[in-house]
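Step one of this worksheet: look at the structure below.
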Amino acid sequence: LEHYRAIVRALARLAGTHRSGKLGEEVDRHFPFAASTLIATPPNPCAAPQIQEKVMRYAEFAANYPKLLPESIRSAEFAMRLAEEAPRLLAQQNRIIKLLTADPQYIALCHWNANIDNAWFVRTSTGLECGLLDWGHVSQMNIGMSLWGCLSGAETGLWDDHLEELLALYTTEFTHTGQLALDTGELKTHLTLYAVLMGLNWLLDVPPYLVKLFPDLSGFEDRFDERLRRHEAARTQLQMMSVFLNLWQTSDVAGMIQTLEDSL
């Protein structure tokens with residue numbers, strides 16, 4: 001947690017400094033904002049039956065390999081909820097993208113992939129601080145996207161127990177640095193909508209990928225099995241899928257969808 005606090009503070013300082021104008025116009029010329037970079041893949045043209053088929057494959061995966069998943073996302077009840085909500089959310093993806101790109105207060109120069117292995121840490125007299133590594137894809141983006149890039153590899157327990165704290169820390173640091181206020185609740189909405197939309201576009205394809213990659217998957221004791229640990233893509237994609245679905249399970253996604261539908 002201490003390390004994630006340090007990264008979140010660094011991300012907020014970067015975004016707040018940019019939004020305040022202290023980085024100058026040169027940054028905007030070199031790193032313009034492009035709404036097309038908002039999600040990792042193009043908007044998914046899947047119809048409702050296709051996305052429901054992906055959910056069914058996930059439900060089958062959860063039933064067959066429950067030891068690989070957090071308890072919160074392996075129940076049949078959650079799969080049923082996902083099957084009902086996912087097509088409704090996907091139908092609103094253009095509206096979600098518009099929401100995530102419309103308010104300049106939530107668009108700033110950001111590090112795209114501030115996972116914990118892309119930072120170096122130093123303990124100072126004021127506490128743990130960090131610098132950020134791997135600046136590929138640095139650009140102006142929705143700050144919720146940057147927070148997902150930071151937290152997508154964290155344990156689901158950290159999300160459950162400390163997300164509100166980390167979001168409050170971000171908004172406090174952003175405001176202090178840039179003298180521009182953010183609303184923590186709105187920031188959580190941006191983060192959640194980005195994460196669940198990105199997850200539907202990409203991460204629901206993880207179950208068939210893992211089943212094909214590991215014919216002996218039923219013999220894995222848990223997600224820390226050495227065979228998974230040695231395969232970076234499989235390990236990280238399983239973890240990110242678990243995080244995205246756990247966020248869905250613990251959030252009022254149905255309420256967010258209803259708000260989007262009511263705005264039509």
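Just so you know, these numbers come straight off a predicted model, no measurement behind them. Index from 1, following the sequence.
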Report task. Show your working on side chain to side chain donor-acceptor pair (under 3.5 Å) between Gln140 and Asp28 and close with a plain yes or no. Result -> CA-CA 8 Å; Gln140 291 187 53; Asp28 291 327; 2.9 Å; yes
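- Not a single donor-acceptor pair under 3.5 Å links the side chain of Thr156 to the backbone N or O of Asn246.
- More than 12 heavy-atom neighbours from other residues, nucleotides or ligands sit within 6.0 angstrom of CZ on Arg227.
- Screening residues 5-18 for salt bridge (charged side-chain N to carboxylate O under 4.0 Å, His left out), with sequence neighbours left out, gives Arg5-Glu165, Arg13-Glu129, Arg13-Glu173.
- With respect to the salt-bridge test (charged N to carboxylate O, under 4.0 angstrom), the residues Arg88 and Glu84 qualify.
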Query raised in the report: What's the verdict on side-chain contact (heavy atoms from CB on, under 4.5 Å) for Ile7 and Leu11, showing C-alpha distance, side-chain angles and the deciding distance?
Result: CA-CA 6 Å; Ile7 299 174; Leu11 292 176; 4.2 Å; yes
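- Annotation: Glu25, atom CD; neighbour count of heavy atoms from other residues, nucleotides and ligands within 6.0 Å does not exceed 12.
- The existence of a salt bridge linking Glu155 and Arg223 is confirmed by a sub-4.0 Å separation between a basic side-chain nitrogen and an acidic carboxylate oxygen.
- Here the side chain of Arg19 pairs no donor or acceptor atom with the backbone of Ala108 at under 3.5 angstrom.
- Judged by distance alone, with hydrogens and angles left aside, the side-chain atoms of Trp248 form no donor-acceptor pair with the main-chain N or O of Ala86 at under 3.5 Å.
- The list of ring pair (Phe, Tyr, Trp, His ring centres under 6.0 Å) pairs with a residue in residues 123-142, not counting sequence neighbours, reads His111-Trp135, Trp112-His137.
- Between the side chain of Asn115 and the backbone N or O of Gly149, at least one donor-acceptor pair lies under 3.5 Å.
- Between Glu261 and Arg95 there is no salt bridge, since no side-chain nitrogen of the basic residue lies less than 4.0 Å from a carboxylate oxygen of the acidic one.
- Checked for salt-bridge contact, Arg57 and Glu53 miss the test: no charged N lies under 4.0 Å from a carboxylate O.
- Phe220 and Tyr65 have their aromatic ring centers separated by at least 6.0 angstrom.
- A donor-acceptor pair is defined here as one N or O able to donate and one able to accept, closer than 3.5 Å; such a pair exists between the side chain of Thr101 and the backbone of Lys98.
- A donor-acceptor pair under 3.5 Å is formed between the side chain of Asn64 and the backbone N or O of Glu60.
- Across every non-hydrogen atom of Arg235 and Leu228, the tightest pair is CB-O, 3.4 Å.
- Distance check, rounded to the nearest 0.5 Å: CD1 of Ile116 to SG of Cys150 gives 8.0 Å.
- Ring orientation note: the planes of His231 and Tyr209 are nearly perpendicular, at an angle over 60° on the 30°/60° scale.
- Between the side chain of Lys212 and the backbone N or O of Pro207 there is no donor-acceptor pair closer than 3.5 Å.
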